[in-house]
Amino acid sequence: MLGPPGAGKGTQAKIVAEKFELAHISTGDIFRDNIKRQTDLGKQVVSILKSGALVPDEVTVALVKDRLQQDDCQKGAVLDGFPRTIPQAQALDGLLADMESNIAIVPYVKVRDEEVVERLSGRRTDKRTGKIYHIKYNPPPHDADLEHRSDDQPETIRERLEEYHSKTAPLIAYYSDKGVLVEINGEEEISLVSANLLRAVEAAAK
Ligand code: ADP
Ligand code: ADP
């Protein structure tokens, strides 16, 4: 899943993974989990996530390599938030070639910067279930145990958008050249985005 921060990658990745019985790999979730548990990896990346910058490619690629070899990825996986740089994409090509696997589809969830700011400011996550909500667009149930990500603050959002435009957006051309990119309008409502996305994944899986 490709797209700016706040495009709805996490929201949609969960839906696709469930529907097609695929593993859901969110590098952001893995980093945050390590930070929470204060592992060596967590300590290494905590200040990077706080600033909105990207974690070095070597660290991120090693983590994904490990994750892709776990049993639940046998049938495939939805990669959410990875790759985020051209070197990461090249490394992924190598990993998949070694595993005799390939990329079926790269859905590019397109959302304007102004909308990104609106979405991330209102994003809340349920600490217990990991479900993603929005105070206006996808209101949480009353018994949710909500968390506001510390990097969903105006200044960090700006930094993340800059990182996105300079380092991640070049992947649009990279995957378009490989013939696997499908653009999805991320500004429709959640259910319409998933209907369009599921249709595209189904077509690509054939
Ligand atoms: P977003 O909502 O911006 O898509 P993520 O949860 O995917 O957020 O990522 C949060 C942070 O984790 C990023 O700002 C970055 O610091 C780090 N991160 C996640 N995935 C990667 C990656 N593939 N490469 C480098 N850093 C990453
Ligand atoms: P990403 O993983 O790309 O950073 P998320 O899935 O976490 O994005 O979504 C960011 C925020 O936007 C969340 O608060 C989510 O509830 C909300 N959101 C996701 N998709 C939509 C949509 N199509 N319309 C309105 N809000 C959305």
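Ligands are counted one by one from 1 in listed order, and the atoms in each one are counted from 1 as well. Quick caveat, the model's predicted, so the values are computed rather than measured.
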Within ligand 2, which atoms have a heavy atom of [X] less than 4.0 Å away?
X	answer
Tyr133	13 (C), 14 (O), 16 (O)
Gly10	1 (P), 2 (O), 6 (O)
Tyr137	25 (C), 26 (N)
Glu189	23 (N)
Gly186	23 (N)

For [X], run the side-chain contact (heavy atoms from CB on, under 4.5 Å) check against [options] and tell me which one passes.
X	options	result
Val64	Asp66, Val61, Leu68	Leu68
Ile25	Val78, Leu63, Asp72, Ile30	Ile30
Leu54	Ile48, Val45, Thr85	Thr85

Check whether [X] and [Y] end up in the same hydrophobic cluster, where Ile, Leu, Val, Met, Phe, Trp and Tyr are linked by side-chain heavy atoms less than 4.5 Å apart.
X	Y	result
Phe31	Leu92	yes
Met1	Val180	no
Val106	Met99	yes

Do ligand 1 and [X] have nitrogen or oxygen atoms that lie under 3.5 Å from each other?
X	answer
Asp80	no
Thr27	yes
Leu54	no
Ile48	no
Asp29	no

Check each atom of ligand 1 against the heavy atoms of [X] and keep those under 4.0 Å away; list them by number with element.
X	result
Arg160	1 (P), 2 (O), 3 (O), 8 (O)
Thr60	22 (C), 23 (N), 24 (N), 25 (C)
Gln88	22 (C), 23 (N), 24 (N), 25 (C)
Lys9	4 (O)

**Prompt:** Strictly by modelled atom types, are Asp29 and His24 linked by a side-chain donor-acceptor pair under 3.5 Å?
**Reply:**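 There is no such pair (donor and acceptor under 3.5 Å, judged by atom type) between the side chains of Asp29 and His24.
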**Message:** Is it true that Asp151 and Thr156 share a donor-acceptor pair across their side chains at a distance under 3.5 Å?
**Reply:**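 Side-chain D/A pair, Thr156 to Asp151: absent.
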Got the closest protein heavy atom to [atom], with its distance?
atom	value
atom 27 (C) of ligand 1	Phe31 CE1, 3.7 Å
atom 7 (O) of ligand 1	Arg84 NH1, 3.0 Å
atom 6 (O) of ligand 2	Thr11 OG1, 2.6 Å
atom 20 (N) of ligand 2	Ile190 CG1, 3.6 Å
atom 16 (O) of ligand 1	Ala53 O, 2.6 Å
atom 26 (N) of ligand 1	Val55 N, 3.1 Å
atom 4 (O) of ligand 2	Gly6 N, 2.8 Å
atom 23 (N) of ligand 1	Gly81 O, 2.9 Å
atom 18 (N) of ligand 2	Arg119 CD, 3.9 Å

**Item:** Asp152 bridged to Arg123 by N-O distance under 4.0 Å
**Value:**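 Yes, this pair counts.
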Could you say whether the N/O atoms of [X] and ligand 2 ever approach to under 3.5 Å?
X	value
Gly8	yes
Gly122	no
Ala7	yes

**Prompt:** Side chain, backbone, both or neither: which part of Glu188 comes within less than 4.0 Å of ligand 2 when only heavy atoms are counted?
**Reply:**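 Contact part for Glu188 vs ligand 2: backbone (N, CA, C, O).
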May I ask you to check whether over 12 heavy atoms, not counting those of [X], lie within 6.0 Å of atom [atom1]?
X	atom1	answer
Glu115	CD	yes
Lys14	NZ	yes
Gln38	CD	no
Asp177	CG	yes
Asp40	CG	no

Mode of [X] contact toward ligand 1 - side chain, backbone, both, neither (heavy atoms, under 4.0 Å):
X	value
Pro83	neither
Glu163	neither
Arg123	side chain
Arg149	side chain

**Request:** May I ask whether Pro4 has any heavy atom positioned less than 4.0 angstrom from an atom of ligand 2?
**Result:**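 It does, in that a heavy atom of Pro4 comes within the 4.0 Å cut-off of ligand 2.
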**Message:** If we only consider heavy atoms of Gly3, is any one of them less than 4.0 Å away from an atom in ligand 2?
**Reply:**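 It does not; every heavy atom stays at 4.0 Å or beyond.
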Are side-chain heavy atoms of [X] and [Y] found at a separation under 4.5 Å?
X	Y	value
Ile190	Gln12	yes
Asp113	His165	yes
Leu2	Val109	no

**Request:** Determine, stepwise, if the pair Glu147 / Arg124 fulfils salt bridge (Lys or Arg N to Asp or Glu O under 4.0 Å).
**Result:** CA-CA 6 Å; Glu147 191 169 38; Arg124 298 292 183 277; over 6 Å; no
**Prompt:** Glu163 and Arg84: side chain to side chain contact (heavy atoms under 4.5 Å, CB included), yes or no, with the steps?
**Reply:** CA-CA 9 Å; Glu163 288 284 82; Arg84 251 180 162 99; over 6 Å; no
